[in-house]
A.B. asks: 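Structure incoming, see below.
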Amino acid sequence: MIKSRICDMLGIKYPVFQGGMAWVADASLAAAVSNAGGLGLISSINAGTEAVRNEIRKCREMTDKPFGVNIMLQAPNVSEIADMVVEEGVRILTTGAGSPSQYMAEWKAAGIIVIPVVASVALALKMQAAGVDAVVAEGAESGGHVGELHTMPLIPQVVDALDIPVIAAGGICDGRGAAAAFMLGADAIQVGTRFLSAEECNVHPDYKEKILKATDISTIVTGKSFGHPVRSLKTPFSKTFAKMESDPSVAQQDILAFGAGALRKAVQEGDRNGSYMAGECAGMVRRIEPAKAIVEDLIHGAEAVMKEVSARMIG
Ligand code: TUI
């Protein structure tokens with residue numbers, strides 16, 4: 001059975017985090033993943049701070065297992081969210097798209113386990129010095145907001161630099177990817193894209209269908225020109241966005257206006273003008289199934305592949 005120090009730290013059965021996907025990761029998905037023995041996460045990007053509070057309360061009704069909240073640090077309501085999670089007694093936080101340093105004192109005083117997402121060794125070291133409990137090191141294979149480095153070189157460099165546990169994210173979709181992450185020194189994995197296909201995931205059916213139809217070359221990164229690179233499925237929307245970005249006659253504010261609200265539209269309405277954020281492994285997602293089946297496939301698949309490789313390759 002696969003377990004690690006992160007399981008003891010968080011009180012979870014399997015070292016599997018569900019990505020805190022904006023607009024997607026609600027109480028339904030988080031509770032299903034936590035009930036399956038992983039760590040479910042609720043996204044702070046929803047219809048405002050009170051909507052997130054409501055998801056936290058719903059999740060408590062749906063599971064007695066540990067779950068957490070992911071705080072997107074570039075959101076306009078981030079300081080309100082930072083206080084609200086303390087009020088609600090949330091025990092575990094992950095953060096994304098920035099440095100959570102300014103909230104650390106408040107969260108640590110409340111006894112919260114804080115696990116920021118980092119995309120470089122420099123930020124990982126800064127976070128360890130600030131007293132975080134672990135880091136998620138996320139490679140640019142991921143969906144949504146991405147850094148520069150990819151998972152294969154990022155994870156071992158972060159693992160070598162830190163003493164605290166490292167959770168690997170970016171491009172992990174099945175037991176093979178999970179095993180690879182453990183080989184690189186990760187104590188756990190975080191998976192986003194694969195959970196888009198979970199039965200308990202409330203994205204619009206067209207979003208799920210687009211994920212199931214994706215191939216290896218179905219994603220594109222846009223937004224680099226103004227410092228907010230985002231990976232999403234290639235659609236008429238993302239291709240138009242990329243064209244606007246590469247045309248010097250188009251003003252940045254027009255590009256931003258074109259993109260505003262596009263993720264919500266995709267998630268809730270399956271709108272053809274939506275932004276379908278997804279990682280490079282979308283092409284490996286084959287079916288809609290319960291979150292429990294996904295968690296178990298990741299863990300049992302990793303176990304099987306580690307045994308198979310050592311039997312096949314170690315003399
Ligand atoms: O945060 C994410 N992924 C996200 S957030 C998001 S919300 C959104 N985005 C665009 C439009 C609408 C909604 C979608 N996807 N992942 C965690 C992550 N954090 N990946 C990379 C980073 C990161 C990158 C640079 C963290 C810190 C960093 O540097 C911070 C600094 O200040 O040095």
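These values consider heavy atoms only, across backbone and side chains, with no hydrogens, waters or symmetry-generated copies. Whatever order the structure lists them in is the order used to number ligands and atoms, beginning at 1.
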A.B. asks: Are the aromatic ring centres of Tyr276 and Phe237 under 6.0 angstrom apart?
C.D. replies: no
A.B. asks: Return yes if a side-chain donor-acceptor contact under 3.5 Å exists between Ser28 and Glu200, otherwise no.
C.D. replies: no
A.B. asks: Does ligand 1 have any N/O pairs with the protein under 3.5 Å, and how far apart?
C.D. replies:
| residue | atom | partner | partner atom | Å |
| --- | --- | --- | --- | --- |
| ligand 1 | 3 (N) | His145 | N | 3.4 |
| ligand 1 | 9 (N) | His228 | NE2 | 3.4 |
| ligand 1 | 15 (N) | His145 | N | 2.9 |
| ligand 1 | 16 (N) | Glu138 | OE2 | 3.2 |
| ligand 1 | 19 (N) | Ala97 | N | 3.0 |
| ligand 1 | 20 (N) | Glu138 | OE2 | 2.9 |
| ligand 1 | 20 (N) | His145 | O | 3.4 |

A.B. asks: What do you reckon, is CZ of Arg264 surrounded by more than 12 foreign heavy atoms closer than 6.0 Å?
C.D. replies: yes
A.B. asks: Only one of Thr95, Val132, Ile113 clears side chain to side chain contact (heavy atoms under 4.5 Å, CB included) with Trp107; which?
C.D. replies: Thr95
A.B. asks: Output the rest of the hydrophobic cluster of Met62: all Ile, Leu, Val, Met, Phe, Trp and Tyr residues reachable through side-chain heavy-atom contacts under 4.5 Å, sorted by chain and number.
C.D. replies: none
A.B. asks: Between Thr49 and Asn77, do the side chains contain an N or O donor and an N or O acceptor separated by less than 3.5 Å?
C.D. replies: yes
